[in-house]
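Shown next, in structure tokens, is the structure this report addresses.
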Protein chains: 2
Amino acid sequence: MTETVLRERRRRQTEREIGDAALLLFEQQGVDGTTVDDIARAAGVSARTFFRYFPSKERAALVPHTELDERVEEMLDGLVADRPLLEQLEEVWCEILVALDDGRSEPGRLLLRVRRLMRSEPALRLAAIGYDEERVDALVERLRVLLGVDDDLGPRLAVTTAAVVVGVALDRWADARDAGRPVDLLATYAEARRLLRESVSP
Amino acid sequence: MTETVLRERRRRQTEREIGDAALLLFEQQGVDGTTVDDIARAAGVSARTFFRYFPSKERAALVPHTELDERVEEMLDGLVADRPLLEQLEEVWCEILVALDDGRSEPGRLLLRVRRLMRSEPALRLAAIGYDEERVDALVERLRVLLGVDDDLGPRLAVTTAAVVVGVALDRWADARDAGRPVDLLATYAEARRLLRESVSP
DNA sequence: GCCATGTTGTCATTCACTGCCACACTGGCA
DNA sequence: TGCCAGTGTGGCAGTGAATGACAACATGGC
């Protein structure tokens with residue numbers, strides 16, 4: 001039993017090493033210019049092992065991205081049925097974004113590198129969207145049960161809308177950094193939420 | 001000059017034939033169970049030619065989907081700066097959805113088949129999202145210019161939000177059909193818009 | 001008939017991804 | 001101590017997506 005914990009830790013370690021190697025190589029040579037063999041070699045594993053950790057080379061660089069989603073899922077237990085869903089989801093995201101400390105914390109730095117890369121690498125962006133897409137259904141289902149409704153249209157709209165707003169804010173955050181006029185992540189997210197309200201009920 | 005028109009027509013014809021073949025084969029054998037060679041053979045062209053028409057096998061089945069986006073882009077000229085963007089985009093989409101006639105018109109039937117397939121084929125869904133993603137930037141830029149603003153945060157939120165709401169409605173439409181209790185597409189879209197308003201300003 | 005242009009097929013190549021098998025490690029148990 | 005599961009890893013072969021290069025072909029204009 002302590003054994004499985006040890007195994008898990010080892011696995012996480014290897015995952016991190018492969019992920020780091022992938023991110024670095026993508027930054028240096030681009031996604032298309034990097035083969036799975038390159039990544040595997042840099043991480044000290046075989047290509048075969050690489051695919052035991054990640055289903056595609058793009059996914060390897062998305063570890064910082066997937067960790068955000070995992071944190072969202074953990075925090076979902078705190079949600080209640082008698083308050084607007086979107087509002088609560090936004091609070092969850094706020095809390096997560098705060099932990100990034102505008103790119104100064106380690107997770108923040110890593111996420112910034114990934115989002116920056118996503119700007120110029122459509123394959124990476126698509127892989128990220130694909131990952132999110134996979135999670136949405138499970139998320140929506142949980143919220144549907146929480147609300148005790150048959151129809152998941154409401155939860156689905158809340159989840160996807162929340163995701164869109166966060167995504168837009170993160171994009172702008174990375175964009176502004178690259179353009180040399182950095183903006184604050186939380187302020188950008190607040191601005192995006194304000195604009196959403198304004199768009200929907202002008 | 002009449003020549004280029006002829007060529008264009010021929011090209012469209014081939015595109016349609018490949019697209020039809022792809023859609024049919026995907027329905028019959030699944031996306032993973034269908035190779036590019038299968039599609040090309042069914043359409044009477046070589047695999048090399050296939051890739052001169054579509055960048056991936058998934059894209060071939062998305063012709064009905066891409067035609068919607070093209071129609072959106074055509075109708076963008078009608079937009080004005082002094083009315084809420086999201087509202088105008090929703091009107092554009094309404095007009096397009098009307099033309100589908102709840103799946104009774106030819107484009108409607110085709111789109112229904114694609115959306116149905118997208119439910120069970122993640123690769124297809126991802127390809128569709130990827131296509132949309134490619135168009136968003138150009139769309140956002142046009143709207144930014146139209147509004148005469150520097151910042152594209154507003155237009156981007158409007159475009160992506162509008163897309164999310166349409167996407168959710170189309171999903172539910174195809175879902176309900178498959179489940180044997182069909183719903184009206186326009187009514188579903190209206191319901192989705194209502195729920196968005198409710199979510200955002202409860 | 002001839003040329004310019006665009007279209008197509010064939011071939012070769014790279015590379016992502018998967019299944020299969022053998023080998024190594026580790027921790028329990030006689 | 002030696003056997004024996006369970007698990008992780010690498011090597012290997014195979015499939016199939018995607019691309020570049022080149023030659024053959026069709027077609028409309030001269």
Side-chain angles (χ1 to χ4, degrees), chain A residues 1-19 21-23 25-26 28-62 121-128 130-131 134, chain B residues 1-19 21-23 25-26 28-62 121-128 130-131 134:
Chain A
M1 36 200 67
T2 76
E3 184 201 341
T4 61
V5 167
L6 215 92
R7 277 192 211 281
E8 184 61 20
R9 198 176 327 174
R10 235 188 113 65
R11 185 169 181 84
R12 285 277 173 183
Q13 178 62 19
T14 311
E15 193 173 283
R16 276 187 62 90
E17 274 164 20
I18 298 177
L23 185 52
L25 284 171
F26 286 169
Q28 291 172 344
Q29 321 173 347
V31 173
D32 291 342
T34 307
T35 69
V36 172
D37 277 311
D38 290 339
I39 303 171
R41 201 173 313 117
V45 298
S46 72
R48 191 63 188 84
T49 295
F50 174 93
F51 284 110
R52 290 199 179 95
Y53 282 83
F54 299 100
S56 74
K57 64 173 178 177
E58 289 84 8
R59 282 284 179 90
L62 291 179
E121 298 280 0
L124 211 57
R125 172 174 293 267
L126 192 58
Y131 177 82
E134 284 176 19
Chain B
M1 37 198 60
T2 76
E3 184 202 342
T4 62
V5 166
L6 215 92
R7 279 194 209 279
E8 183 62 20
R9 199 177 325 176
R10 233 189 113 66
R11 186 169 181 84
R12 284 277 173 183
Q13 178 62 19
T14 310
E15 193 173 283
R16 276 186 62 89
E17 274 165 21
I18 298 178
L23 185 52
L25 284 171
F26 286 169
Q28 290 172 344
Q29 322 173 347
V31 173
D32 291 343
T34 306
T35 68
V36 172
D37 277 309
D38 290 340
I39 303 171
R41 202 173 313 119
V45 297
S46 72
R48 192 62 187 86
T49 296
F50 173 94
F51 284 109
R52 289 199 180 95
Y53 282 82
F54 299 99
S56 73
K57 64 173 179 177
E58 290 84 7
R59 281 286 179 88
L62 291 179
E121 299 279 1
L124 212 56
R125 172 174 294 266
L126 192 58
Y131 177 82
E134 282 174 22

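What you are looking at is a predicted structure, and each value in this text was computed from that prediction instead of being measured. Throughout, protein chains are lettered first and strands after them, A, B, ... in sequence-line order, and every chain is numbered starting at 1. All values below were derived from every heavy atom in this structure, side-chain atoms included, with hydrogens, water molecules and symmetry-related copies excluded.
Residue-to-nucleotide contacts include a donor-acceptor pair under 3.5 Å from the side chain of B:R48 to the base of D:dG20.
Scored by the ring pair (Phe, Tyr, Trp, His ring centres under 6.0 Å) test, A:F54 finds A:F50 as partners (sequence neighbours excluded). Qualifying side chain to side chain donor-acceptor pair (under 3.5 Å) partners for A:E58, counting only residues two or more places apart in sequence or in other chains: A:S56. Among residues two or more places apart in sequence or in another chain, the salt bridge (Lys or Arg N to Asp or Glu O under 4.0 Å) test is passed with A:R125 by A:D171, B:E133. Residues that satisfy the side chain to side chain donor-acceptor pair (under 3.5 Å) test with A:T14, not counting sequence neighbours, are absent from this structure. Residues forming a salt bridge (Lys or Arg N to Asp or Glu O under 4.0 Å) with B:R12 (at least two apart in sequence, or on another chain): B:E8, B:E15. Annotation: side chain to side chain contact (heavy atoms under 4.5 Å, CB included) contacts of B:R16 (sequence neighbours excluded): B:D20. Here A:E17 pairs with A:Q13 under the side chain to side chain donor-acceptor pair (under 3.5 Å) rule; sequence neighbours left out.
Look at CZ on B:R11: it is 12 Å from P on C:dG6, rounded to the nearest Å. B:F54 places its CZ atom 14 Å from the P atom of D:dT19, with the value rounded to the nearest Å. Rounded to whole angstrom, the span from the CZ atom of A:F50 across to the P atom of D:dT9 amounts to 14 Å. As a whole-Å value, the separation of A:E58 CD from C:dC15 C1' is 12 Å. Atom CZ in B:F51 sits roughly 19 Å away from atom P in C:dT13 (whole-Å rounding). Atom-to-atom, CZ of B:R10 to P of D:dG28 comes out at 11 Å; the value is rounded to the nearest Å. A straight line from CD1 of A:I18 to P of C:dA16 spans 15 Å, rounded to a whole angstrom. As rounded to whole Å, 16 Å separates atom C1' of D:dG8 from atom CD of A:Q13.
Contacts between residues 36-47 of chain B and DNA chain D, defined by a heavy-atom separation below 4.0 Å, involve B:V36, listed by number.
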Does the side chain to side chain contact (heavy atoms under 4.5 Å, CB included) test come out yes or no for B:V45 and B:R52, once each step is laid out? CA-CA 11 Å; B:V45 297; B:R52 289 199 180 95; over 6 Å; no
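You'll find the side chain of B:Y53 reaches within 4.5 Å of the side chain of B:R11, heavy atoms only.
Note on A:Y53: only backbone sugar-phosphate atoms sit closer than 4.0 angstrom, heavy atoms only; bases stay farther off.
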For nucleotides 22-24 of chain D, print each protein N/O atom paired with a nucleotide N/O atom at under 3.5 Å, atom names and distance only.
none

